[in-house]
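Have a look at the structure below, then the notes.
Keep in mind it's a predicted model, so treat the numbers as computed, not measured. Lettering follows sequence order; numbering is per chain, from 1.
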Protein chains: 2
Amino acid sequence: MRSLSAVSDAELELLRSLAERRERFVAGEELVSEGDMSIRPRFILSGWACRQRVLPDGRRQIFSFLLPGDGLGLDRRPGPELSSVVALTALETADATPVLNAVQAGHAPGLARALAAIEPQEQKLLLDHMVRLGRQTAYERVAHFLLELQRRLEVAGLGDNQRFPLPLTQEIMADALGLSIVHVNRTLQQLRRERLLELRSGVTILLQREQLADIADYRAPPVRPGAPLSAARSDLEDSAQY
Amino acid sequence: MRSLSAVSDAELELLRSLAERRERFVAGEELVSEGDMSIRPRFILSGWACRQRVLPDGRRQIFSFLLPGDGLGLDRRPGPELSSVVALTALETADATPVLNAVQAGHAPGLARALAAIEPQEQKLLLDHMVRLGRQTAYERVAHFLLELQRRLEVAGLGDNQRFPLPLTQEIMADALGLSIVHVNRTLQQLRRERLLELRSGVTILLQREQLADIADYRAPPVRPGAPLSAARSDLEDSAQY
DNA sequence: CGTTGTGTTGAGCCGAATCAACCCCGGTGG
DNA sequence: CCACCGGGGTTGATTCGGCTCAACACAACG
């Protein structure tokens, strides 16, 4: 939240109080099904999830990844859900209803600003993903994707400017990037062989971020100044591992 | 609008009054640049446009098409534009500001409902497009894409259940579908050879809609009952050709 | 100690891109 | 009136990125 808007102490207190009503999911569990008519608004406290759609023949397209600090169902629009949401790791969520109520009542202008900033952010991620899928090579896609994750996780206080956790199988990356598992594997190997990154047991290190950004035409979004992020996050999610 | 929500006579009158302040664009003209901080909200009265992004090396990805009756900039969110909008044909637009004002003032509940329904619709189109790009073959992509256009144009009163105008070059379809021009050409030829569709001078006829839908796993969205659409549209856009 | 999921590697194939012509048609200007 | 030109569509030859199929290594786990 702090990465999106200044937030008052009272608002932070409200956010902390959410942690009381946690829900837990195991990897593979479905939080939202496509077509659901209304879902509980939540924040992700720890773990990763994704939005996806599955074709009748089993092909799958992953639209986006939900990381700790991200929300789902925050817009409270009535219509049917357009994609399902699935836990990729063990997952902890908090009910976001109190926040939405406070915002609606006008009691939390800082959080209101933050929530308003979320949608454009998600939209941007979606469009970037679409460019990857439609007009980039496998090599560019993987590089771009990892740079995006690095950025998001750093903002979330879960990584630094080159190292971050990556609890995704190559199958999941393949389904996100529109590639086959085998080809994701080979592309990652090429990037490692070229000493652009390292990948070991769920931890990724971008050795040459500049060069990767060049390869993938990755334009880093401007950093919001003056928000002590890692501190803000550990407030809320001290038990988060990724 | 009527396809999204019941609209009162007074509201229709308001819509009609918009046609007074038209703007015209020629094909290729840019209505919105990526990064623009605020744009005039508009409805498209006639002609086609698209949202797109261009990579530094010239590759282009088209995200969506804007058809007569569609709007842009209706959300009035402050942030920078995430994609540019370019006219694909000669284009007429109307300033949508009066509608947004009326809605904001609470004077147009029907239009408010309609506007609220627009975003999810666009989101759905975006996700469908992403599935095409990431997980469908060229053959499936083209079929799915044409079915989607058929549906949208029929709802807009600009086509019937198998025939509709298609003022797009194969280059534009290629940039939307993530394919090369040559391959779009060959795929269209295959579809014609198989007597699934006809394509002549800007008019498309889907000869076997069912079979096409089967090929592309196209799920037609449910039709809103009881909205006399073609009538509604010719009210506002009697000069529209496509 | 099997089993299962994930990563890795090789061989061969195929869908789609690229490159390069060529055609047709509608301007447009001499 | 006609030669020229440029954009869009079409076609063939060739290349290549990425997929499929298949096998195997390895670790976690029951």
Do the non-hydrogen side-chain atoms of A:Leu206 and A:Leu146 ever get within less than 4.5 Å of each other? yes

For B:Arg192, answer base if it contacts any base atom (sugar-phosphate contacts may also be present), sugar-phosphate if it contacts only those atoms, and nothing otherwise; contact means non-hydrogen atoms under 4.0 Å. sugar-phosphate

Separation of atom CG in B:Asn185 from atom P in D:dG12, rounded to whole Å: 11 Å

What is the distance, rounded to the nearest whole Å, between atom CD1 of B:Ile181 and atom C1' of D:dG7? 11 Å

Check the angle between the aromatic planes of A:His144 and A:Tyr218 and answer parallel, tilted or perpendicular using the 30° and 60° thresholds. perpendicular

Can you work out whether B:Arg141 or A:Leu168 has the more 5'-proximal nearest nucleotide on DNA chain C? A:Leu168

Would the number of heavy atoms belonging to other residues, nucleotides or ligands and lying under 6.0 Å from CZ of A:Arg59 be above 12? yes

Counting side-chain heavy atoms from CB outward, which of D:dG18, C:dA16, C:dC19 is closest to A:Ala138? D:dG18

Rounded to whole angstroms, how far apart are CD on A:Gln190 and C1' on C:dT8? 16 Å

A:Tyr139 atom OH is separated from C:dA17 atom C1', nearest whole Å, by 20 Å

Any chance you could lay out the salt bridge (charged side-chain N to carboxylate O under 4.0 Å, His left out) test for A:Glu34 and A:Arg53, step after step, and finish with the verdict? CA-CA 8 Å; A:Glu34 194 185 335; A:Arg53 205 180 280 172; 3.7 Å; yes

Roughly how many Å is it from CG in A:Leu166 to P in C:dT6, rounded to a whole number? 14 Å

Can you tell me how far P of C:dT8 sits from CD of A:Gln189, to the nearest Å? 6 Å

Once you round it to whole Å, what is the distance between P of C:dA17 and CD of B:Gln170? 13 Å

For a quick check of understanding: with a heavy-atom distance under 4.0 Å over all strands, which category does A:Thr169 fall into, base, sugar-phosphate or nothing? sugar-phosphate

Could you check whether A:Gly178 gets within reach of a base, just the sugar-phosphate, or nothing at all, counting any heavy atom under 4.0 Å? sugar-phosphate

Please state how far atom CZ in A:Arg186 lies from atom C1' in C:dG10, giving the value in whole angstrom units. 7 Å

